[in-house]
There are 2 protein chains.
Amino acid sequence: MVDKSIPDIVIGRLPIYLRSLTRMMEQGRQVTSSQELGERLGISAAQIRKDLSQFGEFGKQGTGYNIEFLTRKIQEILQVDRVWEVAVVGAGDVGHAVANYGGFQHRGFRITRIFDNDPSKIGTTFNNIKVMDIERMSEEIRKAGIQVAMLTVPAGVAQEVVDILVEAGIKAILNYAPVNLSVPAGVRVQYIDPAVHLQNMTYYLD
Amino acid sequence: MVDKSIPDIVIGRLPIYLRSLTRMMEQGRQVTSSQELGERLGISAAQIRKDLSQFGEFGKQGTGYNIEFLTRKIQEILQVDRVWEVAVVGAGDVGHAVANYGGFQHRGFRITRIFDNDPSKIGTTFNNIKVMDIERMSEEIRKAGIQVAMLTVPAGVAQEVVDILVEAGIKAILNYAPVNLSVPAGVRVQYIDPAVHLQNMTYYLD
DNA sequence: TTGTTTTTGTGCAATCAAACACAAGCGCGG
DNA sequence: CCGCGCTTGTGTTTGATTGCACAAAAACAA
């Protein structure tokens with residue numbers, strides 16, 4: 001019950017559980033078990049139970065977990081029982097794809113700002129959001145109190161943009177640029193690099 | 001030296017090392033050390049040395065690692081010292097973004113096929129590649145011996161598409177659909193779900 | 001040559017994560 | 001009401017991963 005330093009690796013699995021639970025709920029399911037969830041996810045039932053037990057007792061012996069209740073609890077733990085405003089930096093193909101993606105709202109995020117430095121893009125509209133000049137980024141982010149950003153700029157300028165984001169108060173960055181970023185303590189970064197993910201698998205090919 | 005079951009977690013770090021080394025090489029650097037690399041990546045120097053020592057002795061005491069040599073070695077280990085043909089399934093925004101991305105070629109991959117089931121997309125061209133009817137997918141993949149695929153279709157049809165891909169001989173799947181996939185042993189899956197990555201970080205926000 | 005500095009590769013210890021196994025609780029059928 | 005089957009939560013064990021610390025090798029300067 002008490003939150004005494006939950007391992008990162010446990011936190012990292014919660015969004016996976018959440019995604020699967022949401023899917024079950026869409027299918028009209030009411031109840032599941034650690035065993036069923038484990039089979040769907042390729043994770044042992046014991047591990048799922050132990051992960052969840054870090055935060056409370058959400059199940060019922062003999063029955064399992066009420067899907068709606070557990071979903072709600074995990075959303076609370078992850079703080080996605082609210083909607084975080086997200087700033088996207090970079091209005092290229094990737095920025096375009098994420099801005100157009102409709103699946104964020106239900107999962108705790110809403111893209112409300114898009115920035116770029118290309119005059120031919122500034123002023124155009126992505127999914128009802130006007131692309132703004134990156135010069136105004138710091139001010140806008142600070143004014144709106146935005147803490148979450150997605151970085152979809154070229155690798156060469158990623159670090160300098162990150163420095164501005166951090167300065168403006170961003171605390172969580174989803175980085176699509178294929179470079180490692182340097183950020184101060186208290187700022188989190190997650191990396192999405194398709195080539196890295198692919199290279200993870202080629203080792204195992206014949 | 002001998003490849004006696006290297007832990008997955010070690011393999012997972014190699015692409016990160018590779019990316020950083022490539023960057024150093026672009027900057028004209030010749031030599032680096034486990035310490036420098038570790039500082040750049042936020043990983044302990046000891047861990048980097050131990051990871052690399054699983055595959056051989058690539059460094060020189062007192063000097064460090066020759067960047068070009070180490071790069072080559074890691075490329076060999078990961079089997080990205082060749083170019084893998086990649087099939088993209090789903091010609092939506094994400095499929096469009098990855099097909100247009102020019103950064104794959106130098107990292108071991110080349111997208112050579114794009115499939116979709118939407119008649120209005122079939123026949124159009126993405127980055128010089130014609131979008132093909134998904135009906136022909138199985139045959140095309142098998143004929144070309146393609147082992148790597150990127151899945152950028154809606155969540156609802158992801159599993160059924162995966163079943164076809166597996167049947168056609170695909171062994172590595174980079175999945176952008178926000179669902180867990182079920183695949184037989186011998187087939188690897190990596191997941192990219194921006195919402196999951198973001199939810200990983202919101203736990204730590206105030 | 002000799003001493004100093006640097007950095008690797010690795011045995012060992014410590015920490016962290018996963019799996020096991022079971023008592024206890026719940027639901028249900030008879 | 002009783003007994004059976006199912007499933008949770010968790011103490012304990014097992015296993016994996018990381019960090020520590022140092023001998024040995026290389027480079028370099030004097």
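Convention: sequence-line order gives letters A, B, ...; per-chain numbering from 1. Every value quoted in this text rests on a predicted model; they were computed, and no experiment measured them.
- Salt-bridge annotation for B/Glu76 and B/Lys73: present, with a side-chain N of the basic residue lying under 4.0 Å from a carboxylate O of the acidic one.
- Here the side chain of B/Glu57 is nearest to one of C/dT8, C/dT10, D/dT8, namely C/dT10.
- Residues A/Arg19 and B/Asn180 bring a donor and an acceptor atom of their side chains to less than 3.5 Å of each other.
- The distance between atom CD1 of B/Ile48 and atom C1' of C/dT10, rounded to the nearest whole Å, is 16 Å.
- Closest approach to the B/Tyr65 side chain among D/dT7, C/dA21, C/dG9 is made by C/dG9 (side chain taken as heavy atoms from C-beta onward).
- Across C/dA19, D/dA27, C/dC22, the shortest atom-to-atom separation from the side chain of B/Lys60 is found for D/dA27.
- Side-chain proximity of B/Gln47 to C/dT8, D/dG9, D/dT18: nearest is D/dT18.
- Positionally, the nearest nucleotide of DNA chain D for A/Gly62 lies more toward the 5' end than for the other of A/Lys50 and A/Gly62.
- Taking every side-chain heavy atom of B/Arg49 into account, D/dC22 is the closest of D/dG19, D/dC22, C/dA21.
- Regarding B/Asp51, its CG atom lies at a distance of 13 Å from the P atom of C/dT8, rounded to whole Å.
- Place A/Ala46 and B/Gln35 on DNA chain C by their nearest nucleotides, and B/Gln35 ends up nearer the 5' end.
- With rounding to whole Å, B/Phe55 atom CZ is found 13 Å from C/dT10 atom P.
- Nucleotide D/dT17 holds its C1' atom 15 Å from the CG atom of A/Asp8, rounded to whole Å.
- Residue-level contact check: A/Ile9 touches the backbone only, with heavy atoms under 4.0 Å from sugar-phosphate atoms and none from bases.
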Determine, step by step, whether B/Ser34 and B/Arg49 satisfy the side-chain hydrogen bond (donor to acceptor under 3.5 Å, both in side chains) criterion, reporting the C-alpha distance in whole Å, the side-chain angles of both residues, the deciding distance to 0.1 Å, and the verdict. CA-CA 6 Å; B/Ser34 59; B/Arg49 291 201 302 275; 3.1 Å; yes
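- Counting only N and O atoms by type, the side chains of B/Thr202 and A/Gln79 include no donor and acceptor under 3.5 Å apart.
- Interatomic distance, B/Leu18 CG to B/Leu70 CG, rounded to the nearest 0.5 Å: 8.5 Å.
- Here C/dA24 is the nucleotide among C/dA24, D/dT10, D/dT18 with the atom lying nearest to any side-chain atom of A/Gln61.
- The phosphate of C/dT7 has neither OP1 nor OP2 within less than 4.0 Å of any side-chain N or O from B/Ser34.
- Of the candidate nucleotides C/dA17, D/dG19, D/dT8, C/dA17 has the atom lying nearest to any side-chain atom of A/Pro7.
- Not one side-chain nitrogen or oxygen of B/Thr63 sits closer than 4.0 Å to the OP1 or OP2 atom of D/dA26.
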